[in-house]
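So the structure is just underneath, and the comments pick up after that.
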Amino acid sequence: MLKAVSKKVVKSTPVRRAVCWLGAQYIRLVWATSRWELIGKEHFDALYDNDQPAILSFWHGRLLMAPYTWQKPRPFKMLISGHRDGELIANTVSHLGISCIRGSSSRGGAGAIRALIKTLKAGEWVGITPDGPRGPRMRVSDGVINLAKLSGVPILPVTYGIRRGRVLQTWDRFLAAYPFSSGVLIWGEPLSVPGDADDARLQALGAELENRLTALSREADRMTSRPPVEPAAQAEGEAA
């Protein structure tokens with residue numbers, strides 16, 4: 001009964017709008033009431049100060065505070081799935097000044113890829129969850145690597161960690177941050193993908209990005225005294 005009522009409520013446009021607005025205010029509350037340590041921001045600043053757009057890349061489970069890994073007044077867009085949960089995320093981050101490109105970077109998302117390339121060529125940054133929208137958790141799909149190859153811009157891995165919060169039992173092990181806490185934002189070194197990279201090189205760079213993002217998240221968890229979240233097991237038959 002409660003589940004059926006909940007579904008009907010979520011289908012209500014006014015309720016969805018209110019939930020997204022409240023969600024954005026909650027993210028602002030967490031940011032404003034917590035003490036944040038910024039680590040590796042020089043990697044972000046070096047690209048921005050040289051008018052070099054980049055692809056901010058973060059695990060889906062670290063999505064909540066990802067808007068604050070973008071700390072400049074210029075435009076920024078995030079790739080968000082076209083599913084209903086993607087619509088909720090898109091509407092939420094719109095209240096934080098972030099616009100969205102709807103679709104997928106790898107699953108039949110040719111239109112999304114074209115829009116992302118156009119955005120990057122215009123000098124704007126984009127944000128992507130390389131394990132989204134459905135996983136497997138903390139495994140890089142080929143979409144973000146191909147986008148970097150086609151656009152000629154680097155990928156900048158980022159993450160966050162926080163002391164007060166809860167890791168939800170969702171597929172992505174979503175980190176739900178609590179306010180009045182302390183946390184870290186971490187930017188890693190940018191990863192470039194050559195335009196002439198062959199399939200073997202692209203696969204190796206995907207593995208490198210995966211390793212960097214996982215290492216950053218483990219460091220963020222270590223610094224906030226939190227057990228690390230582990231990647232999903234590799235699919236059967238997949239190379240180790």
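FYI, side chains are in, hydrogens and waters are out, and symmetry mates aren't considered; it's all heavy atoms of this structure.
- Nearest approach of Val193 to Ala148, heavy atoms of both residues: CG2-CB, 3.7 Å.
- Here the shortest heavy-atom pairing between Cys20 and Leu88 reads SG-O, 3.4 Å.
- In this structure, Asp172 and Met138 have side chains that are not in contact, with every pair of non-hydrogen atoms separated by 4.5 Å or more.
- Counting heavy-atom neighbours within 6.0 Å of Asp49 CG, excluding the residue itself, gives a total above 12.
- Leu79 and Ala112 make their closest contact through CD1-CB, 4.0 Å (heavy atoms, listed as atom of the first residue, atom of the second, distance).
- Contact of the Met78 side chain with the Ile101 side chain is not registered, since no non-hydrogen atoms from C-beta on lie closer than 4.5 Å.
- Hydrophobic clustering, with ILVMFWY side chains joined whenever heavy atoms are under 4.5 angstrom apart, keeps Leu64 apart from Trp21.
- Follow the hydrophobic side-chain contacts under 4.5 Å out from Tyr68 and you never reach Leu22; the two are in separate clusters.
- No donor-acceptor pair under 3.5 Å is formed between the side chain of Arg173 and the backbone N or O of Gly61.
- Linking ILVMFWY residues whenever their side-chain heavy atoms come closer than 4.5 Å, directly or via other members, places Leu202 and Ile113 in the same cluster.
- Note that the CG atom of Asp51 and the CG atom of Leu47 stand 11.0 Å from one another [nearest 0.5 Å].
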Side chain to side chain contact (heavy atoms under 4.5 Å, CB included) assessment of Arg17 paired with Val15: CA-CA 5 Å; Arg17 288 176 178 170; Val15 171; over 6 Å; no

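- The closest side-chain heavy-atom distance from Asp45 to Lys72 is below 4.5 Å.
- Transitive grouping of hydrophobic side chains (ILVMFWY, heavy atoms separated by less than 4.5 Å) brings Ile98 and Val158 into a common cluster.
- Residue Ser217 comes nearest to Thr159 through the heavy atom pair OG-OG1, 3.0 Å, listed as atom of the first residue, atom of the second, then distance.
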Working for side chain to side chain contact (heavy atoms under 4.5 Å, CB included), residues Ile162 and Ser34: CA-CA 9 Å; Ile162 197 161; Ser34 301; 4.3 Å; yes

Test log, rule salt bridge (Lys or Arg N to Asp or Glu O under 4.0 Å), inputs Asp221 and Arg62: CA-CA 11 Å; Asp221 289 336; Arg62 307 292 166 131; 2.9 Å; yes

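- Pro53 is not listed as a side-chain neighbour of Glu124, based on a closest heavy-atom distance of 4.5 Å or more.
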Working for side chain to side chain contact (heavy atoms under 4.5 Å, CB included), residues Ile39 and Met223: CA-CA 11 Å; Ile39 300 172; Met223 294 184 67; 3.3 Å; yes

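- When side chains are defined from C-beta on, Ile128 does not count as touching Leu56, because their heavy atoms never get closer than 4.5 Å.
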Only pairs under 3.5 Å count here: list side-chain donor-acceptor contacts from residues 174-185, not counting sequence neighbours, and write none if there are none.
from: Ser181; atom 1: OG; to: Arg164; atom 2: N; distance (Å): 2.9
from: Ser182; atom 1: OG; to: Arg163; atom 2: NE; distance (Å): 3.4

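- Side-chain atoms of Pro154 and Gln52, non-hydrogen and from C-beta on, do get closer than 4.5 Å to each other.
- Residues Cys100 and Val93 are in side-chain contact: their nearest non-hydrogen atoms beyond the backbone lie under 4.5 Å apart.
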Stepwise side chain to side chain contact (heavy atoms under 4.5 Å, CB included) check, Arg134 with His60: CA-CA 9 Å; Arg134 298 291 184 186; His60 199 277; over 6 Å; no

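- Interatomic distance, OG of Ser141 versus CD of Glu210, reported as 10.0 Å (0.5 Å rounding).
- Residues Leu191 and Leu205 approach most closely at CD2-O, 3.6 Å, considering heavy atoms.
- With rounding to the nearest 0.5 Å, the separation of OG1 in Thr119 from CZ in Arg114 is 13.0 Å.
- When the shell of 6.0 Å around CZ of Arg74 is examined, it contains more than 12 heavy atoms from other residues, nucleotides or ligands.
- The heavy-atom pair separating Leu209 from Pro157 by the smallest distance is CD1-CB, 4.2 Å.
- For the pair Lys149 (side chain) and Ala197 (backbone), a donor-acceptor distance under 3.5 Å is present.
- Between Trp70 and Tyr48, the ring-plane angle classifies as perpendicular under the 30° and 60° cut-offs.
- With salt bridges taken as basic N to acidic carboxylate O contacts below 4.0 Å, none links Glu230 and Arg137.
- By the rule that hydrophobic residues join a cluster once side-chain heavy atoms approach within less than 4.5 Å of another member, Trp59 and Tyr160 end up as members of one cluster.
- With values rounded to the nearest 0.5 angstrom, Gln203 atom CD is found 13.5 Å from Glu208 atom CD.
- Using the six-membered ring where Trp is involved, Trp36 and Trp31 have ring planes that are parallel, under 30° apart on the 30 and 60° scheme.
- When atom types are taken as modelled, the side chain of Arg212 and the backbone of Pro190 share a donor-acceptor pair closer than 3.5 angstrom.
- One finds the CD atom of Glu219 at 13.5 Å from the OG1 atom of Thr214 (value rounded to the nearest 0.5 Å).
- Side-chain contact check for His95 versus Ile27: every heavy-atom pair is 4.5 Å or farther apart.
- Between atom OG1 of residue Thr129 and atom CG of residue Asp131 there is a gap of 6.0 Å, rounded to the nearest 0.5 Å.
- Between Trp125 and Phe44, a ring centre-to-centre spacing shorter than 6.0 Å is recorded.
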